[in-house]
Amino acid sequence: MIKVSGFRIVAGGHGHPTTVLDTHQLEEVLPNLESGWVGERLGMKTRRVALPHERVADLGISATEQALARAGWRGDDLDLVVCGASFLEDLMPARASVIAQAVNPDAVAFDVNAACSSALYAIAVAHSMMSVDPSLKRAAVCVVERPTASADYRDSHSSVFFGDSAACLLVERSEAESGFGIEVISMLNDARHSEAVRVPRNGHFQHDNRSAFRHVMEMGEKVSRAALEGAGLSVDDIAHIVGHQANQSVLGSLGERLGVPWERQWHNFEWAGNQGAAGVLTAFCGAWYDNLDTLTTGDRVMLNTVGSGYTAAAVLLRWLG
């Protein structure tokens with residue numbers, strides 16, 4: 001657990017492909033998929049899918065440019081680009097390098113892969129580097145995910161969840177009283193079942209749904225409570241929680257374990273699907289700007305993810321105004 005001071009999230013941006021894949025379309029073609037199950041159990045109506053000729057990395061560039069415009073920054077203001085990426089389009093180069101090429105080719109740029117926790121691990125890595133290197137003052141923490149490329153559309157267990165997307169948060173070492181201050185970063189790993197959820201090279205997403213659900217619940221709750229304990233807070237002090245956008249069942253069950261009612265959760269899985277590591281940030285960025293008029297100084301938002309490996313992370317934020 002890391003207690004943080006003097007760092008803030010200045011702005012955010014996100015992007016999704018324009019092609020919509022409707023749940024009813026999947027129900028018509030997937031074998032053994034009960035009509036209505038996806039909507040009732042998972043809560044997903046649609047998801048956004050990148051077509052073969054489209055690069056999700058371009059959405060990452062767009063999300064970064066959107067965040068820069070909101071912050072009033074230029075690309076050459078960035079010293080560091082860290083990109084969370086687990087469902088890769090290409091093995092090389094790093095997604096961060098592709099984004100940096102478009103916004104600032106001189107920035108230090110590299111990827112972090114902690115499966116669906118990659119975005120929050122990337123925040124932790126950016127914070128650590130900026131804490132020890134005084135030349136690094138402003139960073140873009142991005143996430144670019146294309147999980148649909150790893151889905152087997154002959155198998156309902158590996159394909160009904162996924163959507164593609166990208167997002168970016170701009171992080172600054174600063175005492176300025178605006179944006180979201182970063183208060184605590186908590187990380188947790190359990191490698192006893194490191195290959196329980198996996199995507200083989202040139203293969204498809206594989207997992208044991210029941211076992212994975214249990215681990216997500218246990219680790220999601222544990223890492224969240226560690227963050228709260230580190231900040232000396234209770235769950236009642238949290239205005240909103242943004243979890244891994246796996247599905248309605250996962251988010252609802254985690255909320256029940258933590259004591260966070262559904263109306264205090266920010267989510268977008270209903271129309272964007274399970275976006276791997278990107279979902280937590282696209283849901284956060286979307287709700288952040290949708291709720292600007294209702295955010296009150298001091299409101300706390302917790303980001304929470306669990307991913308293959310197993311990895312887990314929670315980041316506690318405080319709205320500065």
Side-chain angles (χ1 to χ4, degrees), residues 9 11-21 44 46-51 54-67 81-90 94-96 98-99 111-126 139-151 161-171 197 199 205 216 220 241-247 250-251 265-289 301 303-309 311-315:
I9 296 174
H14 65 108
H16 304 262
T18 57
T19 300
V20 177
L21 179 59
M44 292 180 182
T46 63
R47 63 283 292 140
R48 301 297 188 270
V49 177
L51 299 179
E54 296 175 317
R55 289 197 316 173
V56 180
D58 290 331
L59 292 176
I61 294 170
S62 176
T64 304
E65 291 174 339
Q66 182 185 73
V81 179
V82 184
C83 187
S86 58
F87 289 96
L88 299 173
E89 292 183 295
D90 302 300
R95 300 300 86 195
V98 175
I99 293 171
D111 288 354
V112 171
N113 186 347
C116 290
S117 297
S118 295
L120 303 192
Y121 273 58
I123 292 175
V125 170
V141 175
C142 308
V143 58
V144 174
E145 291 280 71
R146 190 178 192 137
T148 61
S150 299
F161 311 98
F162 292 125
D164 304 320
S165 68
C168 174
L169 299 180
L170 299 182
V171 179
V197 181
V199 178
F205 177 80
V216 167
I241 186 169
V242 193
H244 168 42
Q245 300 296 298
N247 56 63
V250 165
L251 291 177
Q265 292 202 42
W266 285 351
H267 44 85
N268 66 4
F269 66 88
E270 297 94 334
W271 61 268
N274 178 342
Q275 306 142 68
V280 65
L281 294 196
T282 63
F284 171 63
C285 289
W288 172 2
Y289 290 97
V301 177
L303 312 181
N304 172 290
T305 57
V306 180
S308 173
T311 63
V315 176

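None of the values given here were measured: they were computed from a predicted structure.
- H14 has its side chain out of reach of L281: every pair of non-hydrogen atoms, C-beta onward, lies at least 4.5 Å apart.
- If you run side-chain contact (heavy atoms from CB on, under 4.5 Å) between T305 and each of V315, V280, T311, only V280 comes through.
- Residues P17 and L59 have side chains in contact (heavy-atom distance under 4.5 Å, counting atoms from C-beta outward).
- Residues V112 and C83 form no side-chain contact, since every pair of their non-hydrogen atoms from C-beta on lies 4.5 Å or further apart.
- Put simply, the side chain of R146 does not reach to within 4.5 Å of the side chain of F162, judged on heavy atoms.
- Counting heavy atoms from C-beta on, the side chains of V301 and W288 never come closer than 4.5 Å.
- At least one side-chain heavy atom of L251 sits less than 4.5 Å from a side-chain heavy atom of Q245.
- A 4.5 Å side-chain heavy-atom check between Q265 and I241 finds at least one atom pair inside the cut-off.
- Checked by atom type and distance alone, the side chain of T64 pairs as donor or acceptor with a backbone atom of G60 at under 3.5 Å.
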Using the salt bridge (charged side-chain N to carboxylate O under 4.0 Å, His left out) rule, take D90 and R95 through it: C-alpha gap first, then chi angles, then the decisive distance, then the call.
CA-CA 8 Å; D90 302 300; R95 300 300 86 195; 3.5 Å; yes

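- Applying the side chain to side chain contact (heavy atoms under 4.5 Å, CB included) criterion to A272, with sequence neighbours excluded, gives H16, N268, Q275.
- Considering only heavy atoms from C-beta on, M44 comes within 4.5 Å of N274 through its side chain.
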